[in-house]
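Below is one structure, written out as structure tokens; the observations come after it.
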Number of protein chains: 2
Amino acid sequence: MASKGKVKNKIASPPESADLQGSLPASNQNITIRFDSPLPDEKPPEKVNIRDVAREAGVSVATVSMVLNENPRISRGTQVRVQKMIERLGYRPNRLAQGLSSKYTQVLAVMLPPLRHALADAYFGEIISGIADRAGKLGHKMMIEQAKPQFIKEGRHIELYERRFVDGILCLGFNEKHTFLADFAGAQYPMILVDNRFGPQPLDYVHCDYRLGANQAMNCLLQLGHRAVGIIYAAPESPTARDVVDVYKSRLGEIGATVDDSWMADGRFTDEGGAAAARDLISRHPDITALLCGNDKMALGAIRALSQQGYQVPRDISIVGFDDLQHLAFANPSLTTVHLPLYELGVTACERLIEKIRGKVERVAEILPTHLVLRESTTMVRQPN
Amino acid sequence: MASKGKVKNKIASPPESADLQGSLPASNQNITIRFDSPLPDEKPPEKVNIRDVAREAGVSVATVSMVLNENPRISRGTQVRVQKMIERLGYRPNRLAQGLSSKYTQVLAVMLPPLRHALADAYFGEIISGIADRAGKLGHKMMIEQAKPQFIKEGRHIELYERRFVDGILCLGFNEKHTFLADFAGAQYPMILVDNRFGPQPLDYVHCDYRLGANQAMNCLLQLGHRAVGIIYAAPESPTARDVVDVYKSRLGEIGATVDDSWMADGRFTDEGGAAAARDLISRHPDITALLCGNDKMALGAIRALSQQGYQVPRDISIVGFDDLQHLAFANPSLTTVHLPLYELGVTACERLIEKIRGKVERVAEILPTHLVLRESTTMVRQPN
DNA sequence: ATGAATAAGTAAACCGATTAACTTTTTTCT
DNA sequence: AGAAAAAAGTTAATCGGTTTACTTATTCAT
């Protein structure tokens, strides 16, 4: 039993790794030079292929291949012998050849919307980290694509499969406005929509429980006595974003608070959008006491805008965000926010995608729980004196 | 596409349709749908390969291949005829096969340090955006790898080439402490170090002109009358980071200002690191009037720490950063900073790498100019009254 | 005219794996 | 003991391109 410590998939938590000691790959230690080679073995850049291994090990090419793929048809003895030779020769199977003759490329693509800073975004970054880690662990590589209009128009997203660049795609940051997603409907090509659903077609998805999150946020605000609560939302084309608005409305409705569009403003997911939305809301409702924000960036923008107008957070207005981005934990005031398990979301989406690739047929529709992180940007409503 | 009428297979779909879909690849002839669909948009999932194209176009496989590769040996007439057939059949060359028989995979890797949020970092994001855009334009795909210690230890960075995953690698965010970089020295495998140099070996690199940037920053501060200037640096193992410190020291030295280690603090490139460093410096030198920061994040941390201690920026202390990250232009106060052409850096690095891949041998050692962006975090030194 | 050079294609050998079908040996079952 | 089944390999076809060497038809220069 070559117990390779095959760790079964747990949803791992983010690694701490900061220290990187690039130790030189000390070339295989078992070099055991028998004859007196005066020169320390220079490296002949001869690329060794599967045939070389087969010849040296005295078996057929097929056997080597089967050893490589851990085919149980090979006996333990041969397995070990061939493995030894593989290491001795430093053989690395050519992935192009493997992909050509097998069904899989072992590559996934992460598709991002064509936003200017999608690649620098903490929200995406967190999800992608999860994807990258799990993909690596499962022996897959990860490509990044941005779905520019031109790219889609030319059908390059489908080309990704057809030309055998990738086995599957994870789509981040899209919504129902992105109609090209329907191209993935036939189950023809493995794709998983991450952190959203898609109404028009039953696509596979994994997303955070925005309804739960919204409830947690509203629980918090309501328990603190807030009744005049505004919302800064974004992307009404996004089902998960609508979930938040729905919950917001119904929770306020339940307690008989007025809730109409004048309490809602679109912050377009951005910093400045959030700021503008906050200014809007405060001017329409000077008596507003709390703000629910669709993401942390907008929450931050709102806080900034409000404090520039002389309001203090949380004394005058409480703010709750969504995301729980790391670097905002240190903001001032630090942000009360709904924690989205973004890293785990990436991990899960990646796992499901690979299962799909391997042939699993069940529909993927998974929803991960959120929780509220209470920090400084919320407090009890001020009693009107 | 237009008519969404026909809902695709629900679980319980009529046997008839299931039958039609599921089986018999036998008659790949047009299954002329008699319904009201005017265009028999048959979607034969038959994968068409180069042989099919050759047969249909009445030429040899070699000719098709040459058309694909725009080989001038093919006459204009044939070229057009074959191209037409390629489009008619919707042929897409299999990249694995292309890679296997040609020298190139058309894939690049971006290697990042194993920092927890490397993928969510605005600095990396900006560079990667440039890389992605240019790579796409030049017909290359982009992979992302994080150089975890284990990854390096197992020699997987070299494996990337040996197994033909990629043609070349761009290394971001590494410094001289990352000794594995020496593995790329032999010019054996195309690699370009981005935004740094590497002392121990003559590696190819492209980086921003940190010396110029530091001079621009110091010009600004000195012209504003500052003499008591501290510096928050990071990663002394990084040549470009040392450039900044060098310039800082020599510029202050020139005007006879005292400059020793007590004016310098390591902010580890992070927000909190910058804050801690600022607190340190201010306690050691309460009379400090300006702070040069190695990046925007540390500058922001410093501003926050200082204002928490009752100092006002820029009234009491001027701050200059490095990077010019987009989302910081809206900070309060907005940050005076040295603009690094990160997007262009990515573009350039990508171009150089692809040239290397194509066989160019000259050493790559390019340095891109910076400029100062004057905003609100700097002002004239207060006259000691 | 005529041999040489050029243009435009083609045939076939690769590239380096996987895998279906088959063979040979060893076990198992009755 | 003898037939059937399982175990452990091997052979050869295949994946889908690129590229070298070779062929044939033209064009060119003298």
Side-chain angles (χ1 to χ4, degrees), chain A residues 45-83 85-86 89-107 139 159 161-165 167 358-359, chain B residues 45-83 85-86 89-107 139 159 161-165 167 358-359:
Chain A
E46 48 177 76
K47 358 245 157 213
V48 26
N49 62 24
I50 198 171
R51 254 162 281 265
D52 300 329
V53 177
R55 183 175 5 84
E56 297 300 316
V59 297
S60 76
V61 166
T63 300
V64 179
S65 174
M66 291 170 131
V67 167
L68 241 37
N69 296 290
E70 294 172 7
N71 188 316
R73 258 229 321 253
I74 301 303
S75 72
R76 179 100 187 97
T78 319
Q79 154 81 38
V80 168
R81 189 156 42 91
V82 173
Q83 196 61 54
M85 187 53 69
I86 285 177
L89 299 181
Y91 165 66
R92 315 266 201 180
N94 179 321
R95 211 200 44 81
L96 296 169
Q98 289 185 309
L100 184 56
S101 40
S102 83
K103 213 176 141 195
Y104 307 109
T105 67
Q106 308 270 78
V107 178
E159 187 186 81
Y161 299 94
E162 294 187 333
R163 298 196 55 193
R164 312 260 352 249
F165 273 110
D167 291 334
R358 300 216 208 282
Chain B
E46 47 179 74
K47 357 249 163 209
V48 26
N49 62 24
I50 198 172
R51 256 160 275 265
D52 300 328
V53 177
R55 186 178 358 89
E56 298 299 316
V59 298
S60 76
V61 165
T63 300
V64 179
S65 174
M66 290 171 132
V67 167
L68 242 37
N69 296 292
E70 294 172 4
N71 189 316
R73 268 246 292 273
I74 301 302
S75 73
R76 180 102 191 96
T78 319
Q79 153 81 38
V80 169
R81 189 156 43 91
V82 172
Q83 195 61 54
M85 185 53 67
I86 286 177
L89 298 181
Y91 166 64
R92 315 264 203 180
N94 181 321
R95 259 245 51 81
L96 296 170
Q98 289 185 310
L100 184 56
S101 39
S102 83
K103 212 176 144 195
Y104 308 110
T105 67
Q106 309 269 75
V107 178
E159 187 187 80
Y161 300 95
E162 295 186 332
R163 297 197 55 195
R164 311 262 351 249
F165 273 109
D167 292 334
R358 301 217 207 282

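Since the structure is predicted, the reported quantities are computational estimates derived from the model, not experimental observations. So that the names make sense, note that chain A is the first sequence line, chain B the second, and so on, each numbered from 1.
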Closest non-hydrogen contact found for A:Lys103 with A:Arg164 is O-NH2, 2.9 Å

Note: chain B reaches DNA chain C at heavy-atom distances under 4.0 Å over the stretch, first to last nt, 5' to 3', of C:dA8 to C:dG16

Report task. Would you indicate whether the side-chain heavy atoms of A:Leu68 and A:Ile86 approach each other to under 4.5 Å? Result -> yes

Taken to the nearest whole Å, CG/B:Asn71 to P/D:dG17 is 17 Å

What one should report as the nearest heavy-atom pair of A:Asp167 and A:Gln106 is OD2-N, 2.8 Å

Residues passing the side chain to side chain contact (heavy atoms under 4.5 Å, CB included) test with A:Arg358, sequence neighbours excluded, are A:His140, A:Ile354

Counting primed atoms, P, OP1 and OP2 as sugar-phosphate and everything else as base, the B/S/- map of nucleotides 5-13 of chain D against protein heavy atoms under 4.0 Å is ---BBBB--

Self-check item: D:dT18 phosphate, OP1 or OP2, under 4.0 Å from B:Asn69 side-chain N/O
Solution: yes

**Asked** So, does B:Arg163 use its side chain to make a donor-acceptor pair with the main chain of A:Asn94 at under 3.5 Å?
**Response** no

Decide yes or no on side chain to side chain contact (heavy atoms under 4.5 Å, CB included) for B:Arg95 and A:Thr105, but give the supporting numbers first. CA-CA 10 Å; B:Arg95 259 245 51 81; A:Thr105 67; over 6 Å; no

Atom CZ of B:Arg51 and atom C1' of D:dT18 are separated, to the nearest Å, by 11 Å

Whole-Å distance, A:Arg164 CZ to D:dC15 P, equals 12 Å

Across all chains, not counting sequence neighbours, the side chain to side chain donor-acceptor pair (under 3.5 Å) partners of A:Ser102 are none

The side chain to side chain contact (heavy atoms under 4.5 Å, CB included) partners of A:Asn69 (sequence neighbours excluded) come to A:Ser65

- Message: Would B:Arg81 and B:Thr78 count as a side chain to side chain contact (heavy atoms under 4.5 Å, CB included) here? Give the steps.
- Response: CA-CA 5 Å; B:Arg81 189 156 43 91; B:Thr78 319; 3.7 Å; yes

Note: contacts of residues 93-105 of chain A with DNA chain C (heavy atom, under 4.0 Å) are A:Pro93, A:Asn94, A:Ala97, A:Gln98, A:Leu100, A:Ser101, A:Ser102

Side chain to side chain contact (heavy atoms under 4.5 Å, CB included) test vs B:Tyr91 passes for just one of B:Val82, B:Val53, B:Asp52, namely B:Val53

Note: B:Val48 and B:Gly90 closest approach over all heavy atoms is CG1-O, 4.2 Å

When rounded to whole Å, the CD to C1' distance for the pair B:Gln106 and D:dG17 reads 13 Å

